Structures are given as structure tokens and as C-alpha cells.
Amino acid sequence: MARQGVTPRSEDYARWYTEVVQMAELADYAPVRGCMIIRPYGYELWEAVKAGLDRRFKETGHRNAYFPLFIPMSFIQKEAEHVEGFAPELAVVTHGGGKELEEPLVVRPTSETIIGHAFASWVQSHRDLPLLINQWANVVRWEMRPRLFLRTTEFLWQEGHTAHATAEEAMEETLRILDIYADFAERDAAVPVIKGRKSAQEKFAGAADSYTIEAMMGNFWALQAGTSHFLAQNFARAFDITYLDASNQLEHCWTTSWGVSSRMVGGIVMAHGDDGGLRLPPVVAPIQAVIVPIWRSDDDRGVVLEAAHRVTETLRADGVRVHLDEREGLTPGFKFNDWEMRGVPLRIEIGPRDVAAESVVLVRRDRDGKEAKSAASVTAIEDRVRDLLDAVQQSLLQQAAEFRDAHLHEASSLDELRDIVSTGWALIPHCGTKECELSVKEETKATSRCFPLDRNPEWNPSGLSCGVCERPALGYAYFARAY
RNA sequence: CGGGGUGUAGCGCAGUCCGGUUAGCGCGCCUGCUUCGGGAGCAGGAGGUCGGAGGUUCAAAUCCUCUCACCCCGACCA
């Protein structure tokens, strides 16, 4: 028999990823290179990411707004480092309404510039600060090597943009958002992350400092899952975002920007998936529990379906995202495999024996074999399901954290680093210079992911030198292969 | 943009070297019957401008030229 299902993850990780994304109906390739069609199941996963983040933003005083897709070319050029960083990946509109435009329009790669322009007119007084804005939008960055969700030419994201009176407040905001990202990743997506500061080489074009949450994927590669930037006064100067302080002095604002993209969906897939396909954390899973009815005879069929509908309604009323698989002509075995491939956290089997016993069989996706199965009475089924969903959520986080921790190692030389990054991340004292980092990449394919905050209580500690080039170290940095 | 590869039914492929009936196979799809607690069986059926354009030839999926798209590996990035 021909192999069914996806290529096992252990056999070919890259192939497994593209197959599982398509077979689980998260996304399809689009007719335009680098672009993707996000299908309902994938979009529902993105909507869960959105909901988790949006709630947290609003709880901390941010408000949503929407800024234009098109940005005047001259705006992009106002901040020197920004334009240098983004120029190679801009999509530019030169014609509109059948005529060549006076000034080309850039399809936004990010919105610091156009939002800076708006902020300049909105902020006059220290009483207007802080200004806390977020937008949910699509952006375009011309990509040479796309991968579904992880790197596409057009992608979905949120971008927060804030303006503050002082550097201290802006830095607090930058780190507050980093905490929000980490909290979302761990509690909702069950993806453990390392919070850290980006090197000069890896930071956002135009930022004074960039911070990141880095997650480990199943092939040990790192995924930058969210970034928060301290922009200092770089964009405030470029766009004249100024305010009068309490002593009537005209000052430039201090701004921040921060984003999480649809890449997070790819991160969830890669952090949790196994040989059989997806494994989704219940908090973000579009379908938390699927009910598979089983029958032999037509008599059984009616009775079983009736019971299945009752359980469906009970769970739905309790707020569980439950789906009853009533498809005809497919065996239960096929359905089991199908829903496992799609990552549904909990399966509920209901057959004639269960109906007779007023019970159901519950199977959790995060375990294998007999360990995964349990029986439960239909009375108070909702409590049992809730408990199990909580357990799966915790277990996926724990499995991911244990996997990651087992693959973090310390290095003190380039040779050790090279050895480690084939199966993990290497923590090494690092000078943080572009020159040194590029040489590491040249020799090992690994890049600096971040200077983890919890391993660097102080910067430029005395007596610590770079493990690669011997220059004074900025601190300890993780190096890894990265998406 | 450099290197490698692939375009034949919804998906996966054979056929291409060496041109020759009506272009096959598996899965999926449709209909019917039997099935159903871990990827069902039998029977019947639908579905193709062989990526596109030129050319060679009595004859092209097959040979030649050009072109387009996608995938994998490298240099940039959420």
C-alpha cells in the first residue's frame, strides 16, 4: 500500500513541514511567487493568535487603528538606516489610473514612516503622551526564498507603534511588549521562548536596540517569533515628532515599534508537530475536540449519532470548540488518522458500547498508545474534557521546554560553537560586532539569535572576552541556525 | 541572482533515452451493494489542449529552439 499521511518528521523535516501545512489545509501556494493562500483552518489558527495578542494589547492601554498600504517613497528615505535596510525588498507602485505617478508609492514593508508622519501631527504636548497605537495589517517584503508562513512576500501581522516623553518610558514599553509576547507564546501557543537583545547585525533597520523572543523548532533551528524595538529618537527626528514638556521646552519623542506575524503559525506547527502531523495547543486550536461516531448496523448508527449530537451540544454550550465528524463512507480508523494529522488536541470516540455504558472514549493527541486513551462517563463530560484540554496544553509546553533545554549548550570557542549548532543552540561570550558575527556565519551557518536577558544581568562585564575573536564581550549570546 | 531539479487527470507518478494504435498506473472523486472500535472490499463510472510558443517530421508527451512556473541548495529577511 502506498504511504498515506505526511512524510515522517524524523525522516525529512523540511518536507514534513510543507506537506503538513498543505495536507492539514492550513495554506496553499498562490499563483504569485512567494505568496500564500491561507485556508480557513490556518486562518482560524491565526485568528486565535490575533485574539490572544489583541486582548493583551488592549489590557495595557493600546488602541487599534489603520494606516494606508501605500507609503510615499520619500517617507521611506527619511531615516538613513531604515531605507538602507529595506530598499532591497520593497515593492514599488509606479503607475496608477493608467498614468505614471509623480512619486512612486511603496507597498508598506512596515509602517514606522507613515505612522511617524501621523504621530507628528497628533502629538503637541507632553499631555498627549504616551501615544499607544497598534495596527493589524498585511505587509510586503520581496522575498528571495519563501516558505509557507515562515517567510512569504506578503504576510499578516500586527505592528505596534508608541511615542513617549522619555527614553526610560520608551524602554519600559519595549520590554513590556516583549513580556507580553513571551506570555502569549508560552501560555497560549505553548511555545517556550528566550527573551533577549539583538546584536547590531540582527537588529531592526532604524532601531537603537531590538529585543526578540526566540523559539526552538523541532529541527533545533531558531525562529524569531516576535520583536520589540527601542527606536530612541531616530524616527522622531526624521518625522518631527515633537512635544512641549512641562517647562515649555520643545523635545523629540522617544518611540517604539513591535510586531508578531503570521510566522507565529509556522512556529506553532514546527514547535509541536510530530511524525503524524500537527499537534495544536488547545488554547489556539481551531477545533479543540473532535467526535468520531462508530457504528456497525443502521440501528447502531441512529443511536450513536443521537448520543454524539448530545455530547456535541453539551460541550459547545460549555464553550468547547467541538466538531462532530459525520462524514459518510469513511472508516473510524481513517478519521482517527485524519484528525491526528490536523493536530486536534482531543478525540472523542462514541460507539454502540459507549452508548450502552453511557460513556465515551477520550484520546489525547500529545501522547501515544494506551497512555493517550481514557474512558469517561457522559455525565459531567464537560469537566473531564476541560481537564484534559488543560492537561494537553501544559504537556505540550512541557515537552517543548524539555526538548529545548536539552539542546542548549555552552561554548567557549568557535570549534565548540560549530559542533553545537548542528543539534542545538550555543551560548558563548560574544563581542556583538557585525564583523565577528559574519565570520561565524561564514564558518558555521549559525547567526546570533540574541543576548538572553536572564543570562546577562549586566552589559560589558569586566574580564569577559568574545569566545570567537577575543575582543571584549558585550555579554553571552545564543548562536543557532535560524529561519 | 548563481547551482541543481521538476512540469503528463484533484494529488503522487510511469511513459521521454530509442517518435508510431484510442496516453497509462496508484490514491482521491461519483454511483451502487457490503462494511465501520486504528488509514475497508467489490463492481461500474467521470475526469487530460502531456506548463506555454515556435520548429523538425507522413507522424511529437517523446527530437530541436525559446519561454514561463514551481521546488531544493546558497547570498537578504518577521
Side-chain angles (χ1 to χ4, degrees), chain A residues 1-7 12 14-15 17-19 22-23 28-35 84-90 109-110 137-159 181 198 201-205 210 212-215 222-229 257-267 276-277 292-298 300-301 304 325 327-341 347-355 359-361 363 368-370 372-373 375 438 441-442 445 447 482-483:
Chain A
M1 185 188 289
R3 180 169 64 199
Q4 306 186 44
V6 295
T7 298
D12 184 337
R15 189 162 167 193
Y17 177 76
T18 53
E19 283 185 9
Q22 290 174 87
M23 290 181 67
D28 266 344
Y29 287 103
V32 178
R33 176 184 160 74
C35 294
E84 189 188 337
F86 280 103
E89 43 187 330
L90 294 181
T110 179
N138 57 336
V139 289
V140 168
R141 299 179 186 178
W142 219 256
E143 285 297 341
M144 307 197 206
R145 230 185 109 204
R147 278 171 184 277
L148 295 170
F149 287 109
L150 301 174
R151 201 189 300 107
T152 48
T153 289
E154 178 189 8
F155 58 92
L156 306 180
W157 77 345
Q158 58 72 215
E159 49 178 325
Y181 285 166
K198 282 294 190 186
Q201 172 68 24
E202 292 286 324
K203 79 175 174 63
F204 175 74
S210 287
T212 177
I213 52 169
E214 297 284 328
L223 184 78
Q224 178 175 307
T227 47
S228 185
H229 312 294
S257 68
W258 25 276
V260 161
S261 74
S262 39
R263 164 182 277 189
M264 179 66 82
V265 173
V292 177
I294 298 154
W295 60 77
R296 285 179 196 280
S297 66
D298 278 349
D300 286 345
R301 182 173 182 276
V304 164
D325 187 353
R327 287 178 293 177
E328 301 278 351
L330 295 175
T331 62
F334 180 91
K335 292 179 179 180
F336 297 167
N337 286 285
D338 192 45
W339 291 111
E340 280 167 10
M341 188 267 291
R347 179 174 76 240
I348 303 173
E349 304 175 5
I350 302 179
R353 295 204 295 268
D354 303 302
V355 175
S359 68
V360 299
V361 172
V363 185
D368 290 321
K370 282 190 175 169
K373 288 199 183 192
L438 286 172
K441 187 177 184 184
E442 183 82 10
K445 293 184 178 175
T447 52
Y483 278 103

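The basis for the numbers below is simple: all heavy atoms, side chains too, and nothing from hydrogens, waters or symmetry mates. Remember, it's a predicted structure, so these values are computed and weren't measured experimentally. Proteins come first, then strands; the chains are lettered A, B, ... in the order of their sequence lines, and each starts at number 1.
Between the CD1 atom of A:Ile213 and the OG1 atom of A:Thr227 there is a distance of 9.0 Å, given to the nearest 0.5 Å.
Remark: B:A60 base-pairs with no nucleotide in the shown strands. Criterion, Watson-Crick or G-U wobble with two distances under 3.5 Å. Remark: B:C66 base-pairs with B:G52. Criterion, Watson-Crick or G-U wobble with two distances under 3.5 Å. Nucleotide B:A23 forms no Watson-Crick or G-U wobble pair with any nucleotide shown, as no partner meets the under 3.5 Å limit on both distances. Using N1 to N3 plus N6-O4 or O6-N4 for Watson-Crick, or N1-O2 and O6-N3 for G-U wobble, each under 3.5 Å, B:A40 pairs with B:U34. Nucleotide B:C76 has no partner under the Watson-Crick or G-U criteria, as no pair reaches both atom distances under 3.5 Å. Summarising the base pairing, B:C29 is matched to B:G45 through a Watson-Crick or G-U wobble pair whose two defining distances lie under 3.5 Å.
Using a 4.0 Å heavy-atom distance criterion, A:Arg353 is classed as a base contact. Within the 4.0 angstrom heavy-atom criterion, no nucleotide atom of any strand lies near A:Asp300. Counting any heavy atom pair closer than 4.0 Å across all strands shown, A:Glu340 reaches a base atom. Across all strands shown, A:Val260 has no heavy atoms under 4.0 Å from either base or sugar-phosphate atoms.
The nearest whole Å value for the distance from the CD1 atom in A:Ile348 to the P atom in B:G37 is 19 Å. Between A:Phe336 atom CZ and B:G39 atom C1' the separation is 11 Å, expressed in whole Å. One interatomic measurement links the two molecules: CZ of A:Arg327 to P of B:A40, which rounds to 12 Å at whole-angstrom precision. Atom CH2 of A:Trp339 is separated from atom P of B:G39 by 18 Å (rounded to the nearest Å). Rounded to whole Å, the distance from CG on A:Asp28 to P on B:G10 is 14 Å. Distance CD (A:Glu328) to P (B:C29): 13 Å, rounded to an integer number of Å. In this structure, the NZ atom of A:Lys335 is 13 Å from the C1' atom of B:G38, given to the nearest Å. One interatomic measurement links the two molecules: CG of A:Asp298 to C1' of B:U35, which rounds to 11 Å at whole-angstrom precision.
Contacts of A:Arg141 classified as salt bridge (Lys or Arg N to Asp or Glu O under 4.0 Å), with partners at least two apart in sequence or in another chain: none. Listed by chain and number, the residues in a side-chain contact (heavy atoms from CB on, under 4.5 Å) with A:Leu90 are A:Ile76, A:Phe86, A:Val92, A:Val106, A:Pro109 (sequence neighbours excluded). Contacts of A:Asp300 classified as side-chain contact (heavy atoms from CB on, under 4.5 Å), with partners at least two apart in sequence or in another chain: A:Trp295, A:Arg296, A:Ser297, A:Pro352. Annotation: side-chain contact (heavy atoms from CB on, under 4.5 Å) contacts of A:Thr18 (sequence neighbours excluded): A:Gln22, A:Tyr29.
Remark: the separation of the P atoms in B:C71 and B:G55 is 32 Å, to the nearest Å. Spacing between B:U22 and B:A61 at atom P, rounded to whole Å, works out to 11 Å. For the P atom pair drawn from B:U62 and B:G20, the interatomic distance equals 11 Å after rounding to whole Å. Comparing the P positions of B:G2 and B:U49 gives an interatomic distance of 33 Å, to the nearest angstrom. Separation of the C1' atoms belonging to B:G51 and B:A69 is 7 Å when rounded to the nearest angstrom.
Listed for the A:Tyr483 side chain is no donor-acceptor partner under 3.5 Å among the backbone atoms of A:Arg263.
Between the side chains of A:Glu19 and A:Thr7, at least one donor N or O sits under 3.5 Å from an acceptor N or O. Remark: the A:His229 side chain and the A:Ser257 side chain contain no N/O donor-acceptor pair separated by less than 3.5 Å.
Closest to the side chain of A:Asp354, from the set B:G38, B:A40, B:G37, is B:G37. In this structure, the nucleotide among B:C36, B:G37, B:G39 sitting nearest to the side chain of A:Pro352 is B:G37.
Under a 4.0 Å N-O distance rule, the pair A:Arg301/A:Glu328 qualifies as a salt bridge. Here A:Glu214 pairs with A:Lys198 in a salt bridge; the nearest charged N to carboxylate O distance falls below 4.0 Å.
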Which atoms of nucleotides 3-9 of chain B (N or O only) lie under 3.5 Å from a protein N or O atom, and what are those distances?
none

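With a 4.5 Å cut-off on side-chain heavy atoms, A:Thr152 and A:Glu143 do not count as touching.
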Task: Contact pattern, 5' to 3', of nucleotides 69-78 of chain B - B, S or - by protein heavy atom under 4.0 Å - done: -SS-SSBBBB

